[in-house]
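Right, one structure below, let's go through it.
Side chains included, hydrogens not; waters and symmetry mates left out as well; all remaining heavy atoms used.
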Amino acid sequence: MAVAFDEMNGLGEDLRPAYQELSRWLKETPPDALEYRRQEAELLFRRIGITFAVYGDSEAQERLIPFDVIPRIMSATEWTLLEKGLKQRVLALNMFLKDIYHGRDILRANVIPEDLIFQNPVFRPEMNGQDVPHDIYVHIAGIDIIRTDPDNFIVLEDNARTPSGVSYMLENREIMMRLFPDLFARHRVAPVERYPDELLSALRSVAPHSASAEPTVALMTPGVYNSAYYEHSFLADKLGIELVEGRDLIVKNDEVFMRTTEGLKRVDVIYRRVDDDFLDPLTFRPDSALGVPGLMSAYAAGNITLANAVGTGIADDKAIYSYMPDIVKFYLSEEPILKNVQTWRCREAQDLSYVLDNLADLVVKEVHGSGGYGMLIGPAATKATIEAFRDKLKREPEGFIAQPTLALSTCPTCTDKGLAPRHVDLRPFVLTGSSHTTIVPGGLTRVALKEGSLVVNSSQGGGTKDTWILSE
């Protein structure tokens, strides 16, 4: 594997400009003072109660996501390029989703094979021909970005269903400002605090035409046992909207109402953190106790906006991801600003043959997988694991894609042995309203805390950092 690009020190060259002030500060700060503040940060996170659940983990129901106190820093110039690329990509994703559920021009043009859409378990035939308010399907996108050199940001995957992690972006910033005011004073860091306002404004702007002048927005959660419940309650609180479960909502005459102490109140926009399958037992899974009977008929009648729209899972699909450069070109007639990782589609005989011959060097992912599960990292895998994966690939090649093992960039991170480089990625959050797209400058930097590890997911032992975008 290639040598990783270090965001502070480049490829062994001089210190990169964005990190000069941090480097000075680190030299002036005694290691024990840094360690003391690291422990203080952990205490604050425990006190606030920021946890996430790990399903199937018998040892711990609730875990604290480790927080690293050394910020990841980017220059305004780098951010400007990234922002432009993210807006282009999310615009193309929205156009793609509208087309897939309406005219299907991209299929007629043979850009994407039809079976990849129609045989896909997350494609929703119920959405065929259904208009969604303002033609926006992905109101909140979390696009996972990696970099391998100073000049290129590469998209690792698109999260268009229910991207999570924004509460950590906001809490990380709050804790850094509280614990490191001296370090903040040396930088001009662009603020992320306006995210809740931007999100509420985007959600209100996409209310159905039948909504009142002041649309009512609610956040729908599967409930306290969901792994991201902390984030749901945090966001509802920050947005100043009601946090509701399916049982708090009722559909009458194709309109959605929530039960309140003053009686029923109409809801216009639902920021839902419940998967498609569980939204409405009359349309999807009849055994769902999380959904609202009749919600889809209110949706079809155009009386409720669901953010994100039903059926966006097709844009999360890792096989569809491999066509994103073609999707951008098809809808926008532009070259993609952000590159994709080179991807082999195991459903294609030639690609499968290459992957089977090179399993020890590749990363193999399930097409519908998430959270870092069901993945093979060839260089770190045992022979037995590689052979087990080989059998899986031969049995159902269409369920997998493969990519080269990339050297994700590294950032200085606090470890037991002092500061050391650890691999990172970045999830910026892209908000699309009826008239414009906004991205607060920053995002969630996830860091692989184990030495040499490339897996940054919190469910696999990764941590997070605050992401500083320097103002001009």
Side-chain angles (χ1 to χ4, degrees), residues 1-2 89 92-93 96-97 99-100 104-123 143-146 148-149 152-158 160 313-370 372-408 454-455:
M1 199 171 72
R89 193 170 180 105
L93 279 172
F96 165 70
L97 285 161
D99 186 28
I100 284 304
R104 303 195 173 131
D105 297 336
I106 198 162
L107 300 185
R108 282 207 301 277
N110 292 321
V111 176
I112 294 175
E114 285 195 1
D115 67 304
L116 210 53
I117 303 294
F118 299 136
Q119 290 175 24
N120 201 312
V122 292
F123 174 72
I143 309 289
D144 291 346
I145 300 284
I146 57 170
T148 51
D149 61 42
N152 289 301
F153 292 102
I154 303 171
V155 176
L156 190 58
E157 61 184 51
D158 303 292
I314 198 91
D316 276 12
D317 182 278
K318 291 180 176 61
I320 297 291
Y321 160 90
S322 70
Y323 288 95
M324 271 309 290
D326 304 315
I327 288 171
V328 171
K329 284 178 205 162
F330 182 79
Y331 294 109
L332 302 176
S333 305
E334 297 168 2
E335 285 298 317
I337 296 165
L338 299 174
K339 295 187 173 78
N340 258 25
V341 178
Q342 182 183 5
T343 302
W344 289 276
R345 305 173 191 124
C346 298
R347 69 202 297 279
E348 295 173 15
Q350 200 176 346
D351 283 12
L352 178 64
S353 161
Y354 176 83
V355 171
L356 291 171
D357 287 347
N358 295 278
L359 271 180
D361 303 319
L362 299 173
V363 175
V364 184
K365 298 177 182 176
E366 288 180 6
V367 166
H368 307 301
S370 66
Y373 293 105
M375 197 161 115
L376 172 80
I377 299 182
T382 62
K383 280 204 168 121
T385 309
I386 289 174
E387 289 317 307
F389 246 87
R390 188 184 304 281
D391 293 341
K392 264 194 217 176
L393 281 168
K394 286 177 178 169
R395 270 200 318 276
E396 43 165 336
E398 67 289 345
F400 296 91
I401 54 128
Q403 294 171 333
T405 312
L406 294 175
L408 310 190
L454 294 168
V455 183

Note to self: So if I apply the side-chain contact (heavy atoms from CB on, under 4.5 Å) rule between Arg89 and each of Asn340, Leu332, Ile337, which one comes out positive?
What the structure shows: Asn340
Margin query: With side-chain contact (heavy atoms from CB on, under 4.5 Å) as the test, pick out the partner of Thr385 among Leu359, Leu376, Ile377.
Written below: Leu376
If you look at every heavy atom in [X] and [Y], which pair is closest and at what distance?
X	Y	value
Glu334	Val328	O-CG1, 3.8 Å
Ile145	Val155	CD1-CG2, 3.8 Å
Leu362	Pro404	CD2-CA, 4.0 Å
Arg345	Asp351	N-OD2, 2.8 Å
Pro336	Pro325	CG-CA, 3.8 Å
Ala160	Ala315	CB-CB, 4.0 Å

A side-chain contact here means heavy atoms from C-beta on lying under 4.5 Å apart; do [X] and [Y] qualify?
X	Y	value
Gln403	Gln342	no
Ile112	Phe330	no
Leu93	Asp158	yes
Leu356	Lys394	yes

Nearest 0.5 Å please: distance from the [atom1] atom of [X] over to the [atom2] atom of [Y].
X	Y	atom1	atom2	result
Leu156	Ile146	CG	CD1	5.0 Å
Gln350	Leu352	CD	CG	11.0 Å
Lys383	Arg390	NZ	CZ	11.5 Å
Asp99	Ile106	CG	CD1	6.5 Å
Arg347	Ile401	CZ	CD1	12.5 Å
Asn120	Glu398	CG	CD	11.5 Å

Item checked: Cation-pi, Tyr321 ring and Lys318 (6.0 angstrom, 45 degrees) -> no
Check: Where does the angle between the aromatic ring planes of Phe400 and Phe389 fall among parallel (under 30°), tilted (30 to 60°) and perpendicular (over 60°)?
Finding: perpendicular
Checklist line | Carboxylate-amine/guanidinium contact Arg108 Asp105, below 4.0 Å | finding: yes
Checklist line | Donor-acceptor under 3.5 Å (Asn358 side chain, Asp361 main chain) | finding: no
Next item on the list: Could you walk me through whether Glu366 and Met375 pass the side-chain contact (heavy atoms from CB on, under 4.5 Å) test, one step at a time?
Entry: CA-CA 7 Å; Glu366 288 180 6; Met375 197 161 115; over 6 Å; no
